[in-house]
Amino acid sequence: MKRIAYIVMVILIVCNVISWSYLFLEKDNLFKVVFFNVGQGDAIFIETPEKEQIIIDGGADYNLVASKISKIVPFWDKQIDAVVLTHLDSDHMNGLFGVIEKYKIKNVLWTGKGKEGSEEKLSNWKKLIKREVIENRANEVLVKKGKKIIAENLSLDFLLPEEIKDDKDKNSNEDSLVVRLCYLETCFLFTGDISFNEEKKLIGENLKADILKVSHHGSKYGSSDEFLKSVSPKIAVISVGKNNYGHPDSGTIERISNVGAKIIRTDMKGDITIYSDGKNYGIVYQKLGE
Ligand SMILES: [Zn+2]
């Protein structure tokens, strides 16, 4: 009897190992987008099946995102293909300092400008990029509306900002980069912290996306009915901290629900990963450490 129980146990362990490694291998061949739980802020990690990696924003903590990334990429992989900074607000920018310190970056994409009043941050950022360009031969790529990047099955289409003016009264959110990213037939729209005014400029563009990164942490000043209808997302991700700034706004949540999108929030679900084979996609929640 003991012997049978032992054999059954071994069989179960073997089956478990096989199914886990199958799952792991299967997911390894998929495109993935991870919305890190960074509290108030945005930090997004993108990886193609060919292991090309892009990071959009880094959250407010200097080291948190770099440490989360180290949990999902192998320890020997110290190179990231592109870092994208949507705008200069701390809750998007700070963590990229930690990422650039820890990894070799091939391309740094940003608008090249920031509002007055953030000179110190801007000059630290510029210094860091300059060092990355000199020491690691990174490319600094200044982007705005019209920039397109196509790499195998991946395309990035930058839709905003149109132009950036140095206007000291201007809110830096208005200069946020907006990018529509498609992996084959699965499309994402990343909106930084834009508000109604910028959304209006986007109407008429191809905004269709399966997954929308809701702008400005679900603020009441963004996600208009017209904009949401143009995007018509199936999934709306809100990257937000617990109990702060009134984000996300209940009216915004209602407008998103009205277009039939499933809302998922980092403050409730933690780190959120969306896997896609280029046609179908699924969501996995996994804790990547705090
Ligand atoms: Zn923000």
Side-chain angles (χ1 to χ4, degrees), residues 11-38 42-59 64-84 95-96 99 102-107 109 148-158 179-190 206 208-213 231-237 239 261-262 264 266 269-289:
I11 290 171
L12 282 175
I13 291 171
V14 170
C15 288
N16 196 16
V17 169
I18 290 171
S19 65
W20 273 107
S21 40
Y22 176 72
L23 254 178
F24 178 75
L25 285 174
E26 193 188 45
K27 288 228 166 58
D28 216 37
N29 291 324
L30 298 175
F31 176 74
K32 80 176 164 201
V33 174
V34 186
F35 295 87
F36 290 123
N37 177 23
V38 290
D42 277 6
I44 300 147
F45 174 82
I46 298 160
E47 190 176 62
T48 67
E50 295 76 31
K51 304 296 163 218
E52 276 163 332
Q53 297 149 341
I54 302 171
I55 294 163
I56 301 180
D57 290 343
L64 178 60
V65 163
S67 119
K68 282 178 185 263
I69 290 170
S70 70
K71 294 194 171 79
I72 50 175
V73 303
F75 70 89
W76 64 84
D77 184 358
K78 292 289 175 211
Q79 183 167 278
I80 285 166
D81 295 272
V83 158
V84 180
L96 292 183
V99 170
K102 200 162 175 181
Y103 292 90
K104 272 189 182 180
I105 313 297
K106 276 194 187 167
N107 299 283
L109 283 71
K148 283 182 205 304
I149 297 170
I150 296 169
E152 291 184 53
N153 297 327
L154 190 70
S155 70
L156 283 87
D157 204 347
F158 288 87
V179 58
R180 182 169 177 264
L181 177 151
C182 294
Y183 174 72
L184 295 169
E185 289 174 32
T186 305
C187 293
F188 295 74
L189 188 67
F190 300 104
N206 181 6
K208 286 266 176 289
D210 305 283
I211 297 105
L212 168 69
K213 197 293 293 179
V231 181
S232 60
K234 300 284 180 297
I235 297 171
V237 179
S239 189
K262 175 190 169 77
I264 40 180
T266 55
K269 295 290 188 185
D271 302 300
I272 298 162
T273 304
I274 296 179
Y275 288 95
S276 169
D277 63 1
K279 198 172 171 68
N280 303 305
Y281 49 85
I283 311 168
V284 172
Y285 305 111
Q286 55 184 149
K287 216 169 159 57
L288 296 164

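Here, residue 1 is the first one in the sequence, and each next residue gets the next number.
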Inset, instruction - Answer yes or no: are there more than 12 heavy-atom neighbours, outside Lys262 itself, under 6.0 Å from its atom NZ? - result: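 Open.
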
Inset, instruction - Test Phe35 against every option in Thr273, Val237, Ile283, Asp42 by the side chain to side chain contact (heavy atoms under 4.5 Å, CB included) rule and name the one that passes. - result: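 So the option named by the test is Val237.
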
With the side chain counted from C-beta on, respond yes when [X] and [Y] share a heavy-atom pair under 4.5 Å apart, and no when they do not.
X      : Y      : value
Asp210 : Ile274 : no
Val65  : Phe45  : no
Val99  : Ile80  : yes
Tyr183 : Ile46  : no
Tyr285 : Ile272 : yes
Leu181 : Leu154 : yes
Thr186 : Phe31  : no
Tyr103 : Val83  : no

Legend entry - Value rounded to 0.5 Å, distance of NZ in Lys104 from CG in Asp81: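 The distance works out to 13.0 Å.
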
Inset, instruction - Could you tell me the separation between the CG atom of Leu189 and the CG atom of Leu212, rounded to the nearest 0.5 Å? - result: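 Spacing of CG (Leu189) from CG (Leu212) equals 5.5 Å.
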
Inset, instruction - Test Glu185 against Lys279 for side-chain contact (heavy atoms from CB on, under 4.5 Å), laying out the working first. - result: CA-CA 5 Å; Glu185 289 174 32; Lys279 198 172 171 68; 3.5 Å; yes

Inset, instruction - Could you please spell out the steps behind the side-chain contact (heavy atoms from CB on, under 4.5 Å) verdict for Lys68 and Leu64? - result: CA-CA 6 Å; Lys68 282 178 185 263; Leu64 178 60; 3.7 Å; yes

Legend entry - Whether Lys208 side chain and Cys187 backbone form a donor-acceptor pair below 3.5 Å: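 Side chain of Lys208 to backbone of Cys187: no pair is present.
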
Inset, instruction - Answer yes or no: is there a donor N or O on one side and an acceptor on the other, between the side chain of Asp271 and the main chain of Asn37, under 3.5 Å? - result: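 Yes, because the side chain of Asp271 sits within donor-acceptor range (under 3.5 Å) of the backbone of Asn37.
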
Legend entry - Sidechain N-carboxylate O distance under 4.0 Å for Asp157, Arg180: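 Result for this pair is no, no salt bridge flagged.
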
Legend entry - Working for side-chain contact (heavy atoms from CB on, under 4.5 Å), residues Lys213 and Ile44: CA-CA 10 Å; Lys213 197 293 293 179; Ile44 300 147; 4.0 Å; yes

Inset, instruction - Would you sort out whether Leu109 and Leu156 count as a side-chain contact (heavy atoms from CB on, under 4.5 Å), showing the intermediate values? - result: CA-CA 12 Å; Leu109 283 71; Leu156 283 87; 5.6 Å; no

Only distances under 3.5 Å count here; give the side-chain donor-acceptor pairs of residues 51-59 to other protein atoms, sequence neighbours excluded, each with its distance to 0.1 Å.
| from | atom 1 | to | atom 2 | distance (Å) |
| --- | --- | --- | --- | --- |
| Lys51 | NZ | Asp28 | O | 3.2 |
| Lys51 | NZ | Asp28 | OD1 | 3.3 |
| Gln53 | NE2 | Glu47 | OE2 | 2.8 |
| Gln53 | NE2 | Asp77 | OD2 | 2.9 |
| Asp57 | OD1 | Thr86 | N | 2.9 |
| Asp57 | OD1 | Thr86 | OG1 | 3.2 |
| Asp57 | OD2 | Thr86 | OG1 | 2.7 |
| Asp57 | OD2 | His92 | ND1 | 2.7 |

